[in-house]
Amino acid sequence: MQRRHFIRIAGGGAIAAATVTSAGLSGCSAGMPAEAIEAWQGPGRDAAPDSDVRRWLLSFAILAPHSHNLQSWVVDLGTPNEILLSCDLKRLLPQTDPQSRQIMMSHGTFLELLDLAARERGLRADMALFPQGVFGAEKLDGRPVARIRLSPDASVQKDPLFAQILRRHTNRSAYDLARPVPAGAWAAMLAAVKPQPLRFGHAGAEQADLVVHRRIALEAWRIELTTPRTVMESFAVLRVGASEVAAHRDGLSLLDPMVVLLDRIGLFDRSKAPGPDDYATTSQIRDFGKTLDATPGFLWLVSEGNDRATQINAGRAYARVQLAATAQGLSMQPLSQALQEYAEQEKPYRDIHALAGAAGPGQTVQMWARVGYGPPVPPAPRRRLQDFIRA
């Protein structure tokens with residue numbers, strides 16, 4: 001029984017590694033079913049260039065980063081030359097994202113990739129946000145997020161960031177401390193933000209700054225990992241093993257062979273969270289600390305307000321920054337925990353806002369991420385294009 005208990009704890013530790021991330025676990029990729037990542041090969045037959053161009057555009061938009069890899073985008077193609085974007089209200093994060101700020105940002109990343117794809121086809125994408133009215137500050141409803149009207153326009157210029165869409169992957173690995181982020185790369189990321197009214201900041205030159213960023217990130221990680229309801233929100237979208245990943249094509253993928261085996265023989269209970277002193281918890285705090293220590297740079301995006309349109313624009317800016325980083329050969333991982341608006345995160349939330357110079361009224365750190373040179377990683381799963389289309 002002692003050995004059985006040890007196996008359960010060890011398996012739980014591996015599971016916890018996946019559940020505290022903010023967008024799908026790409027690092028554990030052994031046995032990733034090919035059909036789960038086929039979208040990353042580019043438009044399929046249902047989005048061929050000679051078919052409805054909107055499907056071709058959407059085949060790139062659905063590759064946008066999304067919190068917990070929920071992919072909560074729904075599109076209506078009922079009106080010719082238009083795309084009506086809405087949010088799937090069954091794919092929200094009420095515990096870790098109680099005001100759906102990150103969900104709105106994830107719709108902004110979608111819109112940015114859609115716009116880049118439209119430019120690639122010589123189309124102007126006129127986007128009207130919240131055409132039937134803006135959501136309230138506390139929660140979303142069934143009204144559309146955006147209406148996009150497409151029209152040919154010879155004056156539209158292609159954006160070189162489009163070429164990075166299929167290469168962009170979130171990388172949660174340790175980065176190379178011997179290779180600091182060069183000034184030219186920071187400048188490229190700054191330039192990528194400029195279409196949106198957000199302030200871009202970064203740290204990396206001073207070791208003392210890095211120490212503070214790492215401390216805040218680790219404490220926020222510990223809080224999310226030791227708060228049962230937030231861990232269980234991640235457990236709800238955890239896909240263990242190739243069959244679950246292939247069936248869902250979303251959420252947090254965990255394909256480590258040992259953990260899959262433990263799950264199959266009933267030694268991993270996804271119905272309850274590990275305790276704060278369990279090996280499953282303490283080992284992951286320790287391991288994430290090592291990952292943070294292997295981080296040569298951090299960046300952040302600050303807005304002057306936090307209304308829904310600002311959240312959308314912040315998502316668009318983040319998508320561009322990550323594509324620009326990809327073009328520079330850099331890896332990125334969002335650090336969402338300290339930015340989340342639930343009570344237990346109050347202190348890390350204040351700390352990162354102060355560190356980013358965002359302590360004024362309405363100022364909001366919309367994104368915080370670690371940056372560096374990391375090893376190649378595979379993409380996260382994506383659902384079928386048809387799964388996102390309502391009509």
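If you're wondering where the values come from, they're calculated on a predicted model, not measured in any experiment.
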Legend entry - Same apolar cluster (I L V M F W Y, side chains within < 4.5 Å links), Leu330/Val321: yes

Do the non-hydrogen side-chain atoms of [X] and [Y] ever get within less than 4.5 Å of each other?
{"X": "Val371", "Y": "His202", "answer": "no"}
{"X": "Leu93", "Y": "Ser67", "answer": "yes"}
{"X": "Asn171", "Y": "His169", "answer": "no"}
{"X": "Gln340", "Y": "Glu224", "answer": "yes"}
{"X": "Phe60", "Y": "Leu116", "answer": "no"}

Inset, instruction - Identify, with sequence neighbours excluded, every residue that meets side-chain hydrogen bond (donor to acceptor under 3.5 Å, both in side chains) alongside Arg167. - result: Gln164

Legend entry - Under the side-chain hydrogen bond (donor to acceptor under 3.5 Å, both in side chains) test, residues paired with Arg101 that sit two or more places apart: Glu341, Gln366

If the condition is side-chain contact (heavy atoms from CB on, under 4.5 Å), which residues does [X] pass it with, not counting sequence neighbours?
{"X": "Arg199", "answer": "Trp300, Val302, Ala358"}
{"X": "Ala61", "answer": "Phe110, Leu114"}
{"X": "Ala125", "answer": "Asp115, Ala118, Met127, Ile148, Leu150"}
{"X": "Glu346", "answer": "Arg350"}

Inset, instruction - Might you work through the side-chain hydrogen bond (donor to acceptor under 3.5 Å, both in side chains) test for Thr227 and Glu344, ending with a clear yes or no? - result: CA-CA 8 Å; Thr227 304; Glu344 291 84 350; 4.9 Å; no

Legend entry - Arg383 side-chain N/O to Gln71 backbone N/O, donor-acceptor pair under 3.5 Å: yes

Inset, instruction - State which residue, out of Arg124, Arg119, Lys158, Arg121, fulfils the salt bridge (charged side-chain N to carboxylate O under 4.0 Å, His left out) condition with Asp153. - result: Arg124

Inset, instruction - Test Asp250 against every option in Arg91, Arg384, Lys90 by the salt bridge (charged side-chain N to carboxylate O under 4.0 Å, His left out) rule and name the one that passes. - result: Arg91

Legend entry - His213 vs Leu355, side-chain contact (heavy atoms from CB on, under 4.5 Å): CA-CA, chis, key distance, verdict: CA-CA 8 Å; His213 280 272; Leu355 187 60; 3.4 Å; yes

Legend entry - Pair Asp159 + Arg320, salt bridge at N-O below 4.0 Å: yes

Inset, instruction - Determine, for Arg168 against Glu112, whether the closest basic-nitrogen to carboxylate-oxygen distance falls under 4.0 angstrom. - result: no

Inset, instruction - Please work out whether the ring planes of His107 and Trp73 are parallel, tilted or perpendicular, with thresholds of 30° and 60°. - result: perpendicular

Inset, instruction - Flag this pair as yes if the NZ/CZ of Arg308 is under 6.0 angstrom from the six-membered ring centre of Phe130 and inside a 45 degree cone about the axis; otherwise no. - result: no

Inset, instruction - Start with the C-alpha gap between Leu292 and Trp221, add the side-chain angles, then the distance that decides, and say whether side-chain contact (heavy atoms from CB on, under 4.5 Å) holds. - result: CA-CA 11 Å; Leu292 289 170; Trp221 179 280; over 6 Å; no

